[in-house]
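A quick write-up on the structure given underneath.
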Amino acid sequence: YSNLNSAINISGSTIQNNYFGVYLFGSTTMGYSTISGNTFLGNYYGVHISSAFASVTGNTFNNNSAGVYVTSYGHDSSVTGNVITGSAVNAIRLASTSGVTVSGNTISDTGGTTDNNGIYASSSSRNTITGNSIYDSSATTTNYALNINNSASNNNYLADNLFSSTPGTSTIRDLGTAKKVQVSKEN
């Protein structure tokens, strides 16, 4: 947990068995923090971002309840090039935030056997979600690779995401409004 007024950088660490692996909460200047090249194991939240302009890139997340969680103060942050496996709830969740880039992540086996959300957005607008690969082999009922959960999520750009599921069917659920484009495909 950090509530400082300056950016922090965390790299090359293994962070495990905590409620928050890393929790960024603070002013805009702190938001230029970088979390890169780490391994997050068995935390409730691998990384929780509540500070603007943060970068979460090139990390490995295994068996956390939520891999990366970005809230309203985490606007204009980026979540890129991470490998997220076995999250119990969501691999990446955007909640009441905007301007976040989620790109180039590999997500697998998120959720339980009946419900799955690879990337989940609620009341989040103007986000860019592109080039992610989302695979699941456990969900058999509700398997959303991308779940734009409500009409308060608008003007999101979704493109070139690859999603696949065995044995279930992986889909995009988009209840948002005024989406810019949606060019994603099932493999």
Side-chain angles (χ1 to χ4, degrees), residues 1-112 116-121 124 127-138 145-146 157 159-164:
Y1 173 83
S2 178
N3 189 13
L4 303 172
N5 286 321
S6 60
I8 62 168
N9 297 309
I10 300 173
S11 63
S13 298
T14 297
I15 301 169
Q16 62 186 31
N17 300 325
N18 297 291
Y19 190 77
F20 296 109
V22 171
Y23 181 19
L24 298 176
F25 179 82
S27 70
T28 302
T29 56
M30 185 210 167
Y32 290 95
S33 297
T34 300
I35 311 301
S36 65
N38 300 289
T39 299
F40 295 89
L41 303 167
N43 301 291
Y44 188 83
Y45 294 106
V47 174
H48 187 286
I49 302 171
S50 288
S51 186
F53 307 106
S55 173
V56 178
T57 186
N59 298 286
T60 300
F61 296 84
N62 289 312
N63 300 318
N64 299 281
S65 289
V68 181
Y69 185 42
V70 185
T71 62
S72 59
Y73 294 116
H75 63 85
D76 299 299
S77 292
S78 63
V79 180
T80 59
N82 300 288
V83 176
I84 304 172
T85 304
S87 296
V89 181
N90 310 112
I92 299 170
R93 181 175 181 143
L94 308 178
S96 301
T97 193
S98 63
V100 176
T101 298
V102 177
S103 182
N105 299 288
T106 301
I107 298 168
S108 62
D109 296 330
T110 296
N116 172 306
N117 292 294
I119 299 172
Y120 180 92
S124 295
N127 299 293
T128 300
I129 302 171
T130 60
N132 298 287
S133 298
I134 304 165
Y135 305 94
D136 193 279
S137 60
S138 60
L146 303 173
Y157 178 78
D160 300 322
N161 296 289
L162 173 66
F163 50 96
S164 177

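We find the CG-OH distance between N18 and Y44 to be 14.5 Å, quoted to the nearest 0.5 Å. For the atom pair OH (Y32) and OG (S55), the distance works out to 12.5 Å, reported to the nearest 0.5 Å. Here the OG1-CZ distance, from T110 to F61, works out to 11.5 Å after rounding to the nearest 0.5 Å. The distance from atom CG of D109 to atom OG1 of T85, rounded to the nearest 0.5 Å, is 7.0 Å. Atom CG of residue N161 and atom CG of residue L146 lie 5.0 Å apart, to the nearest 0.5 angstrom.
S50 contributes no side-chain N or O that, together with a main-chain N or O of F25, makes up a donor-acceptor pair within less than 3.5 Å. Using a distance-only test at 3.5 Å, with no hydrogens or angles considered, no donor-acceptor pair links the side chain of D76 to the main chain of A52. No donor-acceptor pair under 3.5 Å is formed between the side chain of S124 and the backbone N or O of A121. With hydrogens and angles disregarded, a donor-acceptor distance shorter than 3.5 Å links the side chain of T71 to the backbone of I49. For the pair N132 (side chain) and N105 (backbone), a donor-acceptor distance under 3.5 Å is present.
A side chain to side chain donor-acceptor pair (under 3.5 Å) check over residues 57-66, counting only residues at least two apart or in different chains, returns the pairs N38-N59, N43-N64, T57-T80, N59-N82. For the side chain to side chain donor-acceptor pair (under 3.5 Å) condition, the pairs that include at least one residue of residues 90-99, sequence neighbours left out, are S98-R126.
Every residue two or more places apart in sequence or in another chain that forms a side-chain hydrogen bond (donor to acceptor under 3.5 Å, both in side chains) with Y120 is listed here: N149. The side-chain hydrogen bond (donor to acceptor under 3.5 Å, both in side chains) search around S103 returns T130, not counting sequence neighbours. When the ring-ring contact (aromatic ring centres under 6.0 Å, His included) test is applied to Y45, the partners found at least two apart in sequence or on another chain are Y19, F20, H48, Y69. Partners of S133 by side-chain hydrogen bond (donor to acceptor under 3.5 Å, both in side chains), not counting sequence neighbours: none found.
Counting only heavy atoms from C-beta outward, the side chains of L24 and I8 approach each other to under 4.5 Å.
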Assess the residue pair V102 and N127 against the criterion (side chain to side chain contact (heavy atoms under 4.5 Å, CB included)); give the C-alpha distance rounded to whole Å, side-chain angles, the decisive distance to 0.1 Å, and a yes or no.
CA-CA 8 Å; V102 177; N127 299 293; over 6 Å; no

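Heavy atoms only, all atoms of each residue included: S77 and A54 are closest at OG-N, 3.0 Å. Closest approach of A66 and S87 over heavy atoms only: C-OG, 4.4 Å.
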